[in-house]
**Q** 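Before I ask anything, let me first share the structure, which is written out below as structure tokens.
Scope of the values below: all heavy atoms of this structure, side chains included, with no hydrogens, waters or symmetry mates. So that the names make sense, note that chain A is the first sequence line, chain B the second, and so on, each numbered from 1.
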Protein chains: 2
Amino acid sequence: MWFKMSSEKHENDPDNSNYKELDEETLFVVTQSFKALSDPTRIRILHLLFVNEYSVNEIARVLNLKQSTVSHQLRFLKNLRLVKFRREGTTLFYSHDDEHVMDVLRQTINHALHT
Amino acid sequence: MWFKMSSEKHENDPDNSNYKELDEETLFVVTQSFKALSDPTRIRILHLLFVNEYSVNEIARVLNLKQSTVSHQLRFLKNLRLVKFRREGTTLFYSHDDEHVMDVLRQTINHALHT
DNA sequence: CACTTATATGACCACGTGCTCATGTATAAA
DNA sequence: TTTATACATGAGCACGTGGTCATATAAGTG
């Protein structure tokens, strides 16, 4: 026996009044997450942080970026709680802090590599 | 018996010369994919296209957007091959065309909804 | 305290992005 | 061919973004 799902098409709902939009807050959160991943510098930083923690200067040296550039981007990522840091003397070691976002990044990189 | 993995830390590679950066093309592709998802209007459009196909005017009406706005964003998404369309008379029906990106979007929306 | 090292921050600038208006193009009907 | 409908496109503008330089702050050392 077959049932017609209301989501199959919208021919029974010509005005599409049945469609449930994303609520504003969800839309904002999702947008922000992807915005964090929409810049090559931030992706390079997060990619570096997949496995290890790194200090600001290490990140700058390995990725050949200015220290201030790295600091700015880390602040951006920190505000979105995608990275965290621990202090050791005057040095700050940054590491990733959002498994879900790192998973999404990992998936997308792997997908890009295998196509 | 325990082995020390080289990826455990980078203390055996102080200059981190062992680190393999993302190649430029992969970085570009990944960045572009996320850029497509980093705008609320584009997310709303793709979210609408999760299940059904929609004409340009339908999208504009349901999401309360100008027709030209929708057209511009659809061109953007089309260039990245995230959507496709079929013609029926003068009407163009758009639908999604990249399962991976739609999956990533679905995951992230669900994650945002459940936190 | 002064001095060094590591990082953060603010001002500025060049560039990118998204929306709107006006207009162009394509298909179908009369 | 004219007219109507659906969609695409270009120009212009307001705003956002990322990098750089200069400078500030913070912690450690002597």
Side-chain angles (χ1 to χ4, degrees), chain A residues 14 16 24 27-28 30-49 52-95 97, chain B residues 14-16 24 27-28 30-49 53-95 97:
Chain A
N16 213 44
E24 209 174 322
L27 187 62
F28 180 76
V30 171
T31 304
Q32 288 304 108
S33 296
F34 288 127
K35 197 161 287 185
L37 300 173
S38 69
D39 174 73
T41 301
R42 286 194 289 274
I43 292 186
R44 293 171 73 209
I45 292 175
L46 289 174
H47 180 249
L48 186 61
L49 298 182
N52 296 313
E53 59 177 16
Y54 284 85
S55 73
V56 177
N57 278 334
E58 282 177 325
I59 297 173
R61 181 172 43 74
V62 173
L63 300 184
N64 198 28
L65 297 167
K66 307 274 185 187
Q67 176 263 316
S68 61
T69 298
V70 175
S71 265
H72 280 303
Q73 297 293 9
L74 285 173
R75 180 171 55 174
F76 184 106
L77 295 171
K78 184 94 179 37
N79 286 338
L80 293 179
R81 298 174 191 279
L82 301 191
V83 300
K84 61 182 191 295
F85 66 83
R86 67 178 180 86
R87 180 180 287 279
E88 198 168 290
T90 59
T91 302
L92 303 183
F93 290 96
Y94 279 83
S95 55
D97 196 30
Chain B
D15 288 344
N16 213 44
E24 208 173 322
L27 187 61
F28 180 76
V30 171
T31 303
Q32 288 305 109
S33 295
F34 288 126
K35 197 160 288 185
L37 300 173
S38 69
D39 174 73
T41 301
R42 286 193 291 273
I43 292 187
R44 292 172 72 209
I45 293 175
L46 289 175
H47 180 248
L48 186 61
L49 298 182
E53 59 178 17
Y54 284 85
S55 73
V56 177
N57 278 335
E58 282 177 327
I59 297 174
R61 181 172 43 75
V62 173
L63 301 185
N64 199 27
L65 297 167
K66 306 275 186 185
Q67 176 263 316
S68 62
T69 299
V70 175
S71 266
H72 280 303
Q73 297 295 8
L74 285 174
R75 179 172 57 174
F76 184 108
L77 295 171
K78 184 94 180 38
N79 286 338
L80 293 179
R81 298 173 191 280
L82 300 191
V83 299
K84 61 181 189 298
F85 66 82
R86 68 179 178 87
R87 179 180 287 277
E88 199 168 291
T90 60
T91 303
L92 303 183
F93 290 97
Y94 280 81
S95 55
D97 196 29

**Q** Within the distance-only criterion (no hydrogens, no angle test), does the side chain of B:R87 pair as donor or acceptor with the backbone N or O of B:G89 below 3.5 angstrom?
**A**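 A pair under 3.5 Å: yes.
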
**Q** Take atom CG of B:L63 and atom P of C:dC19, then tell me their distance rounded to the nearest Å.
**A**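 Rounded to the whole Å, the gap is 11 Å.
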
**Q** If only side-chain N and O atoms of A:T41 are considered, is one of them under 4.0 Å from the OP1 or OP2 phosphate oxygen of D:dG18?
**A** no

**Q** So, taking the atom named OH in B:Y54 and the one named CG in B:L48, what distance separates them when rounded to the nearest 0.5 Å?
**A**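 The OH atom of B:Y54 sits 4.5 Å away from the CG atom of B:L48.
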
**Q** Between A:Y54 (OH) and C:dT7 (P), how many Å, whole number?
**A** 14 Å

**Q** Measure the distance from CZ on A:R42 to C1' on D:dG19 and round it to the nearest whole Å.
**A**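 Rounding to the nearest Å, CZ of A:R42 and C1' of D:dG19 are 12 Å apart.
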
**Q** Once the angle between the rings of B:F34 and A:F34 is folded into 0 to 90°, is it parallel (under 30°), tilted (30 to 60°) or perpendicular (over 60°)?
**A** parallel

**Q** Is B:R86 atom CZ crowded by more than 12 heavy atoms from other residues, nucleotides or ligands, each under 6.0 Å away?
**A**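 Yes.
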
**Q** Using the side-chain contact (heavy atoms from CB on, under 4.5 Å) rule, take B:F93 and B:E58 through it: C-alpha gap first, then chi angles, then the decisive distance, then the call.
**A** CA-CA 9 Å; B:F93 290 97; B:E58 282 177 327; 4.2 Å; yes

**Q** Starting at atom CZ of B:F34, determine the distance to atom P of D:dG18, rounded to an integer number of angstrom.
**A** 15 Å

**Q** What verdict does the side-chain contact (heavy atoms from CB on, under 4.5 Å) test give for B:L37 and B:L46, after you've listed the backbone C-alpha separation in whole Å, the side-chain angles of each residue and the deciding distance to 0.1 Å?
**A** CA-CA 9 Å; B:L37 300 173; B:L46 289 175; 3.6 Å; yes

**Q** Nearest-Å distance, CG (B:L27) to P (D:dG18)?
**A** 14 Å

**Q** Just how far is it from atom OG1 of A:T69 to atom CG of A:L74, taken to the nearest 0.5 Å?
**A** 10.5 Å

**Q** Could you tell me whether A:K78 contacts a base, only the sugar-phosphate backbone, or nothing, with contacts defined as non-hydrogen atoms closer than 4.0 Å?
**A** nothing

**Q** Within less than 4.0 Å of OP1 or OP2 of C:dA26, is there a side-chain N or O belonging to B:R87?
**A**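 Checking B:R87 against C:dA26: no side-chain N or O falls below 4.0 Å of OP1 or OP2.
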
**Q** Going by the salt bridge (Lys or Arg N to Asp or Glu O under 4.0 Å) test, which pairs reach into residues 32-42 of chain A, not counting sequence neighbours?
**A**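 Non-adjacent pairs meeting salt bridge (Lys or Arg N to Asp or Glu O under 4.0 Å): zero.
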
**Q** Could you tell me how far apart A:E88 (CD) and C:dT5 (P) are, to the nearest whole angstrom?
**A** 18 Å

**Q** Give the B/S/- string for nucleotides 7-12 of chain D, one per nucleotide from 5' to 3', where a protein heavy atom under 4.0 Å of the base yields B, of only the sugar-phosphate yields S, and otherwise -.
**A** BBBB--

**Q** Here's a test of your reading of the structure: between A:L65 and A:G89, which maps to the more 5' nucleotide of DNA chain D?
**A**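 Result: A:L65.
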
**Q** Could you tell me the separation between the CZ atom of A:F76 and the P atom of C:dA8, rounded to a whole number of Å?
**A**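 After rounding, the gap between these two atoms is 16 Å.
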
**Q** To the nearest 0.5 Å, how far apart are CG in A:L49 and CG in A:L77?
**A** 8.5 Å

**Q** To the nearest Å, how far apart are A:K66 NZ and C:dA6 C1'?
**A** 17 Å

**Q** Tell me the bend of the helix from C:dC1-D:dG30 to C:dA30-D:dT1 as the angle between end helix axes, each from five pairs, rounded to the nearest 10 degrees.
**A** 10°

